[in-house]
Amino acid sequence: HRDLAELRAAREAEDARIRLLTKSGYELLRDGLRWKYSGSSHSAPNEPRLVFRPLPDVGQEAFVEAIASTYEGTRDSWITRNIEEHGLLGAAKADFLDYQGMEHLPEWWELAYTEQGALAGVIMAAKNPSSAVIAYVGVVPEQRGLGLAQELVRRGTEQLLGSVATEIRGDCDRDNVGMVKAFE
């Protein structure tokens, strides 16, 4: 019961901070979680189910269109706002340009395909000023619920560990259950 009481108290304090900031004119943009991987433990990789093609092989236009297709039905509040403001393809283009401001190698940005050749998702690994990050993971709607986000996170992690990182961070909305599971 003690753990439950502590959890309840922490949540009440969090709610009070949100109310105070909202009354002060702030707007809550994202209720998120931040994950950190330091290589200390990981599960054994599953047999890969996806085929990856890097940005230089597919081109920017196809890459942006793939991002847009992963935005359909998104559970990410930030992406949802961008879609409302710019439309699906406009949001994908704007985000792609924003991500280009992060340090990355074009080979770290990949489209994932099923063995049958259907687009499954997108992974974009990068570095921001403070750490290596899983900048974006997206799975197309028809491939969701199959555990592919976990495979994409693993792929981005491998890209970063193989070149620049000993620690990697990733963020997602608290309510984005698929991404929470992928990071866990």
### Query
Between N82 and Y71, do the side chains contain an N or O donor and an N or O acceptor separated by less than 3.5 Å?
no

### Task
Determine yes or no for a side-chain-to-main-chain donor-acceptor pair under 3.5 angstrom, with E151 supplying the side chain and R49 the backbone.
yes

### Query
Side chains of Q60 and W109: does their closest heavy-atom pair fall under 4.5 Å?
no

#### Entry: Heavy-atom closest contact (H104 atom, A125 atom, distance)
CB-O, 3.8 Å

### Query
Atom CD1 of I67 and atom OH of Y136: how far apart are they, to the nearest 0.5 Å?
7.0 Å

### Message
Show the nearest heavy-atom pair for residues F63 and I123, with the distance to one decimal.
### Response
CZ-O, 4.4 Å

### Query
Do the non-hydrogen side-chain atoms of L160 and V133 ever get within less than 4.5 Å of each other?
no

### Task
With rounding to the nearest 0.5 Å, note down the distance linking CD in Q100 to CG in L55.
7.5 Å

### Query
Which of these, E110, R154, E107, sits in a side-chain hydrogen bond (donor to acceptor under 3.5 Å, both in side chains) with Q159?
E110

### Task
Could you check if a side-chain atom of F52 sits within less than 4.5 angstrom of a side-chain atom of L152, using non-hydrogen atoms only?
yes

### Message
So which atom in A66 and which in L111 form the shortest heavy-atom distance, rounded to 0.1 Å?
### Response
CB-CD2, 3.5 Å

### Message
For residues L146 and V140: do they belong to one hydrophobic cluster (side chain heavy atoms under 4.5 Å, members Ile, Leu, Val, Met, Phe, Trp, Tyr)?
### Response
yes

### Message
So, taking the atom named CD1 in I79 and the one named CZ in R81, what distance separates them when rounded to the nearest 0.5 Å?
### Response
13.0 Å

### Summary
Here the gap from N128 atom CG to E103 atom CD, rounded to the nearest 0.5 Å, amounts to 9.5 Å

### Task
Taking the side chain as every heavy atom from C-beta outward, state whether F96 and V122 have any atom pair closer than 4.5 Å.
no

### Task
Indicate the atoms forming the closest heavy-atom contact of L119 with S69, along with that distance.
CD2-OG, 3.4 Å

## Note on the structure
Note: A120 and L148 closest approach over all heavy atoms is CB-CD1, 4.0 Å

### Task
Could you pull out the closest heavy-atom pair between A132 and K127, with the gap in Å?
CA-CG, 3.9 Å

